[in-house]
Amino acid sequence: MLGLKLLTDPRWANIAEDNIEEILTDHAWCEQKAATNAISLIMLNSQYEDLVTTLTEIAIEEMEHFKMVHEIIKERGYKLGMQREDDYVSKLYKFMKKDGSRNDAFIDRLLFAAMIEARSCERFRVLSENIKDGELAKFYRDLMISEANHYTTFLKFARKYTERIDVDKRWKEWLDFEGKLIQSYGKKEFVHG
């Protein structure tokens, strides 16, 4: 369904589980950044009432996820570590087209968000199916479903509001780029690492 070119090696879940405090901290900050991205899209595109309504709900949901991850961190006696740069997201950001019309940039920003949500969904599936901690496996299964909904929402808005970009063609370019990019990841205790 996601169309990703390269799936995560299930052994990445072992790296994550062996470094659970790190993965939880990274995950919490990923949720915060997703909320911030939704808010930025609202601020830059407030003329689209349905987008504002839906992305407000997503921003709130992402912050609820942040809170849930933070609660798990506290319950387990861990500390929320410092936010780190997400190298994977930074490279995706550089791929995003920033030239052309305002609408072109808007559509690519939606596809950028969809790409991150798709990979997060896939990583949460890997965690839910491969970690031994039953509580976290269920937690990541539930979040996987949420991320899939976000992914499809961003794609839906890109298709709805494009003025001249062939969204399906550009989405294929995103998938091809991400398929090459992700080959360098999956070896560290980061959601996208």
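No side-chain heavy atom of Arg119 sits under 4.5 Å from any side-chain heavy atom of Val191. Contact of the Leu111 side chain with the Met115 side chain is not registered, since no non-hydrogen atoms from C-beta on lie closer than 4.5 Å. With contacts defined as side-chain heavy-atom distances shorter than 4.5 Å, the pair Leu143/His27 qualifies. Side chains of Phe157 and Thr54 form a contact here, defined as non-hydrogen atoms less than 4.5 Å apart. Looking at heavy atoms from C-beta onward, Asp108 lies in side-chain contact with Trp174 at the 4.5 angstrom threshold. Two residues are said to be in side-chain contact when any heavy atoms from C-beta on lie closer than 4.5 Å; Leu41 and Arg109 meet this criterion.
Separating the NZ atom in Lys156 from the CG atom in Asp50 is a distance of 6.5 Å, to the nearest 0.5 Å. The structure places CG of Asn130 at 9.5 Å from CH2 of Trp12, a figure rounded to the nearest 0.5 Å. Residue Ile42 holds its CD1 atom at 9.0 Å from CD1 of Ile58, rounded to the nearest 0.5 Å. If you take NE2 on His150 and CD on Glu57, they are separated by 9.5 Å, rounding to the nearest 0.5 Å. Between the CD1 atom in Ile107 and the CD atom in Glu163 there is a gap of 7.5 Å [rounded to 0.5 Å]. Taking CD from Glu147 and NE2 from His65, the interatomic distance works out to 7.0 Å, rounded to the nearest 0.5 Å.
A donor-acceptor contact under 3.5 angstrom links the side chains of Ser101 and Asp104, judged on distance only. Counting only N and O atoms by type, the side chains of Glu49 and Thr53 include no donor and acceptor under 3.5 Å apart. Looking only at atom types and distance, the side chain of Tyr88 has a donor-acceptor partner in the side chain of Glu178 under 3.5 Å away.
By the 30° and 60° cut-offs, the orientation of the rings of Phe106 relative to Tyr48 is parallel. Ring orientation note: the planes of Phe95 and Phe177 are close to parallel, at an angle under 30° on the 30°/60° scale.
A donor-acceptor pair is defined here as one N or O able to donate and one able to accept, closer than 3.5 Å; no such pair exists between the side chain of Gln32 and the backbone of Phe66. Remark: side-chain polar atoms of Ser120 are not paired, donor with acceptor, to backbone N or O of Glu117 under 3.5 angstrom. Asp133 places a side-chain N or O within 3.5 Å of a backbone atom of Leu136 that can act as its donor or acceptor partner.
Taking Glu21 as the reference, nothing meets the salt bridge (Lys or Arg N to Asp or Glu O under 4.0 Å) condition, with sequence neighbours excluded. Not counting sequence neighbours, Phe139 has no partner by the ring pair (Phe, Tyr, Trp, His ring centres under 6.0 Å) test. Residues passing the salt bridge (Lys or Arg N to Asp or Glu O under 4.0 Å) test with Arg102, sequence neighbours excluded: none. In this structure, the salt bridge (Lys or Arg N to Asp or Glu O under 4.0 Å) partners of Asp176, at least two apart in sequence or on a different chain, are Lys5, Lys172. In this structure Lys74 satisfies the side-chain contact (heavy atoms from CB on, under 4.5 Å) test together with His70, Glu71, sequence neighbours excluded. In this structure Arg141 satisfies the salt bridge (Lys or Arg N to Asp or Glu O under 4.0 Å) test with no other residue, sequence neighbours excluded.
In this structure, Glu64 does not pair ionically with Lys67, as no charged nitrogen and carboxylate oxygen lie closer than 4.0 Å. Looking at Arg170 and Asp166, no side-chain N of the basic residue comes within less than 4.0 Å of a carboxylate O on the acidic one, giving no salt bridge.
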- Could you walk me through whether Trp29 and Leu80 pass the side chain to side chain contact (heavy atoms under 4.5 Å, CB included) test, one step at a time? CA-CA 9 Å; Trp29 290 117; Leu80 177 63; 3.8 Å; yes
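Applying the 6.0 Å contact sphere to NZ of Lys98 captures more than 12 heavy atoms from other residues, nucleotides or ligands.
Note on Ile60: it does not cluster hydrophobically with Tyr151, by side-chain heavy-atom contacts below 4.5 Å among ILVMFWY residues.
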